[in-house]
Amino acid sequence: MSNPVSLTAKAIEMVKDAIEREGLQGYGIRVGVMGGGCAGFQYSMDFEKDPKDGDLSMEQDGLKLFVDPMSSMYLQGVTIDYVVGLQGAGFKFNNPNARTTCGCGSSFSY
């Protein structure tokens, strides 16, 4: 199975910057999907030191990524970007498989 999710260069830069600011050297990020949000599913991202049993473990430009098996089904082809706009800055998930997304961009239906 190919890596289900990838990050843009800007997203990788911002994650690495956050890891450094938080003093979390050696950590990576866990990317996942959980039920909730206004469209049915919502994305999650959090710092993680080590993979859990069954995780897909990847590395992109020196950044460790962990995805649980259930989330990997919903994250196939997803690209995470970091965007700056009038309503602030943050990570944006571009999911080519989402049927609908909410206005805030943090939830979707499949």
Side-chain angles (χ1 to χ4, degrees):
M1 179 184 291
S2 64
N3 292 353
V5 64
S6 63
L7 282 77
T8 64
K10 184 64 175 175
I12 290 171
E13 174 190 341
M14 297 309 290
V15 170
K16 286 181 175 179
D17 183 55
I19 287 171
E20 187 175 320
R21 275 194 328 271
E22 297 291 327
L24 297 173
Q25 285 70 23
Y27 277 67
I29 58 166
R30 172 170 298 282
V31 180
V33 172
M34 61 180 112
C38 48
F41 293 102
Q42 62 187 13
Y43 301 106
S44 64
M45 282 179 62
D46 205 355
F47 299 114
E48 188 83 37
K49 178 77 170 167
D50 297 305
K52 296 179 181 170
D53 286 344
D55 277 351
L56 295 172
S57 297
M58 302 149 270
E59 190 169 311
Q60 187 180 341
D61 295 328
L63 177 65
K64 295 186 292 186
L65 304 166
F66 308 113
V67 178
D68 67 90
M70 181 64 82
S71 293
S72 70
M73 297 186 319
Y74 298 105
L75 293 171
Q76 289 296 320
V78 167
T79 301
I80 302 171
D81 196 4
Y82 188 85
V83 296
V84 178
L86 294 175
Q87 295 183 4
F91 292 97
K92 180 178 181 183
F93 289 73
N94 297 306
N95 188 340
N97 303 306
R99 281 198 332 237
T100 59
T101 59
C102 69
C104 65
S106 64
S107 67
F108 67 101
S109 69
Y110 201 76

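Residue numbers start at 1 and run along the sequence shown.
Legend: residues meeting side-chain contact (heavy atoms from CB on, under 4.5 Å) with S6, ordered by chain and number and at least two apart, are Q60, T79. For Y27, there are no ring-ring contact (aromatic ring centres under 6.0 Å, His included) partners, not counting sequence neighbours. Listed by chain and number, the residues in a side-chain contact (heavy atoms from CB on, under 4.5 Å) with Q25 are E20 (sequence neighbours excluded).
The distance from the CD1 atom of I12 to the CG atom of L7 is 5.5 Å, given to the nearest 0.5 Å. To the nearest 0.5 angstrom, I29 atom CD1 is 8.5 Å from F47 atom CZ.
Between K16 and D61 there is no salt bridge, since none of the side-chain N atoms of the basic residue sits less than 4.0 Å from a carboxylate O of the acidic one.
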After noting the C-alpha distance and the side-chain angles of R30 and L65, does the key distance pass the side chain to side chain contact (heavy atoms under 4.5 Å, CB included) rule?
CA-CA 6 Å; R30 172 170 298 282; L65 304 166; over 6 Å; no

Set out, in order, the CA-CA distance, both residues' side-chain angles and the distance that settles side chain to side chain contact (heavy atoms under 4.5 Å, CB included) for F41 and M34, then state yes or no.
CA-CA 6 Å; F41 293 102; M34 61 180 112; over 6 Å; no

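A heavy-atom distance below 4.5 Å is not found between the side chains of N94 and V78. Counting heavy atoms from C-beta on, the side chains of M45 and F91 come closer than 4.5 Å.
Remark: the Y43 side chain and the N95 side chain contain an N/O donor-acceptor pair separated by less than 3.5 Å.
When the options L63, V67, V31 are evaluated for a side-chain contact (heavy atoms from CB on, under 4.5 Å) with M58, the one that passes is V67.
Within the 3.5 Å criterion, the main-chain N or O of V33 finds a donor-acceptor partner in the side chain of S71. Side-chain atoms of D68 come within 3.5 Å of backbone atoms of M70 as a donor-acceptor pair (strictly under, hydrogens ignored). Using a distance-only test at 3.5 Å, with no hydrogens or angles considered, a donor-acceptor pair links the side chain of N97 to the main chain of Q76. Formation of a donor-acceptor pair under 3.5 Å by the K64 side chain with backbone atoms of K49 is found in this model.
Contact detail for F66 and S57: the closest heavy-atom pair is CD2-OG, 3.6 Å.
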